[in-house]
Amino acid sequence: MTTSSFIARRAHLAQLLQAQGGGVALLPTAPERQRNSDTDHPYRHDSHFHYLSGFNEPEAWLLLRSDGHSTLFCRPSHPEREIWDGRRLGVEAAPAALGVDAALPVDALDETMASLLADQRAIWFPFGRGAELHTRVAGWVARVRSRERSGIECPTELHDLHPLVAEMRLHKDASELATMRRAAAISAGAHLRAMRYCAQRFRDGATAVAEYEIEAELLHEFRRLGSQSPAYPSIVAAGANACVLHHAAGHTELRSGELCLIDAGCELDGYASDVTRCFPANGRFTAQQRTLYELVLAAQQAAIDATRPGLRQRDAHHAAVRVLAQGMLDVGLLSRDAHGDVDAVIESAAYRQFYMHGTGHWLGRDVHDVGDYMALDEAPVEQPDGLGGTVVKRPSRVLRPGMVVTLEPGLYVRPAAGVPEAFWNIGIRIEDDAVVTDNGCELISRGVPVEPDAIEAWMRGSACGPEGTP
Ligand code: GLY
Ligand code: MN
Ligand code: MN
């Protein structure tokens, strides 16, 4: 991403501020977080801050006035600290490197803020980031107010900056989509690698493979191809663990005859991917596993078909639920006698016993990315609440080209009375990342197959992977 992209984003945000009456936006990056004595968690910038600045260092703030003038507060050069922590951009180099109009040392934030906020009608900053930010802004406002007698006007309005930046981030530009395609391709390659690894281990005579060993294959592939980290803790779930939606890869052993569910995606240059595949440990689906797998795959196809401009984000969920609910009746997970037909199963939300999450979310810098899910420009209407009742709320958001969503239906069968035992402990989710295009959607994570025959072929070693895969 070039400096000009960040300059253009700041110019766009300044226009939005202007249209809302003007003022100045304040945006801190994320704090460093201590992990334990003398050791920090790996640093990760704040997504809004990086989206507007392109700046990766901690202890930084962006100030953007609605007339377009931008100021970066950052750490000054410090030759001794830089021996320990690495190079800093520094105040002198920041304007040319980042395209900001001015740069000041972050230590000067409190003393300069009063003059920077003077005569600004409104202050915009992200709400909901904790009391400390509100307290800090309140302190700066108090300083300006104390100087009012000298003819300075004090801001009288505080506004939430988050919705403006979130709306911008919801619509990805070409360079963002290029990064997301690459992130999804790396993740797909990691899933391929994990599948082949399992198959090889069982062929070599292993009786079990630990979840953490499979996770190691994913991490290897993420880093080998330049991703900075996983976008979220990798889920590697052996057998029954797949019925725990956020099961972290642990010490459970995957055994022949079981399914393995992997929900793992890398983060590349600040952008997430989010991919789920299920595969049989030994490379062959059992009849029951295949039955449920094909049902989830059909639900995902219905969701894909319902993802195009003009349709609503939630339409994919409704489409997937209908296929899953019909399938639950067809395979006997739900009995017709107790639950009626597919419409009754949807209306009563009986399907939630086996499918209890939504079918997708926005994807971008954050794995659950920002952006309204509701159409804020439409009036609330009565609609099903998905729990068997109704609720009055705004309709779901209409999809537009450049939005990115995940499509991730699943089925999770916990042992229970009345549930056919042959399906117990099977958990399946299939998740792909989809860019909304002019007339449909582009699946950017299909570098790893979803068809059961194709998965088996890949695990047998009789199918080729993309360049760079083992
Ligand atoms: N991996 C998190 C999710 O699928 O939403
Ligand atoms: Mn996921
Ligand atoms: Mn997801």
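Values below: all heavy atoms of this structure, side chains included; hydrogens, waters and symmetry mates excluded. Order of listing sets the numbers, starting from 1, for every ligand and every atom in it.
In terms of protein heavy-atom proximity, atom 3 (C) of ligand 1 is closest to Asp274 OD2, 3.3 Å. Protein heavy atom closest to atom 5 (O) of ligand 1, with residue, atom name and distance, is His368 NE2, 2.6 Å.
The pair Glu456-Arg290 counts as a salt bridge, with a side-chain nitrogen and a carboxylate oxygen less than 4.0 angstrom apart. A salt bridge links Glu167 and Arg397; the closest N-O separation between the charged side-chain nitrogens and carboxylate oxygens is under 4.0 Å. In this structure, Asp85 does not pair ionically with Arg75, as no charged nitrogen and carboxylate oxygen lie closer than 4.0 Å.
Rounding to the nearest 10°, we obtain 80° for the angle at the Mn ion (ligand 3) between His361 NE2 and Glu408 OE2.
Judged by distance alone, with hydrogens and angles left aside, the side-chain atoms of Tyr355 form a donor-acceptor pair with the main-chain N or O of Gly358 at under 3.5 Å.
At least one heavy atom of Asp263 sits under 4.0 Å from some atom of ligand 1.
Heavy-atom proximity to Glu408, at under 4.0 Å, picks out these atoms of ligand 1: 3 (C), 4 (O), 5 (O). Residue Glu431 approaches ligand 1 through these ligand atoms, each under 4.0 Å from one of its heavy atoms: 4 (O).
Residues His134 and Phe125 bring their aromatic ring centres within 6.0 Å.
For Arg312, the CZ atom counts as densely surrounded, since its 6.0 Å shell holds more than 12 non-hydrogen atoms of other residues, nucleotides or ligands.
Summary: OD1 is the N/O/S atom of Asp274 found nearest to the Mn ion (ligand 2).
Metal site remark for the Mn ion (ligand 3): Glu431 contributes an N, O or S atom at a distance under 2.8 Å. For a distance bound of 2.8 Å, the N, O or S atoms of His368 include none lying that close to the Mn ion (ligand 3).
Cation-pi contact between Arg9 and Phe6: present, with separation from the ring centre below 6.0 Å and deviation from the ring axis of at most 45°.
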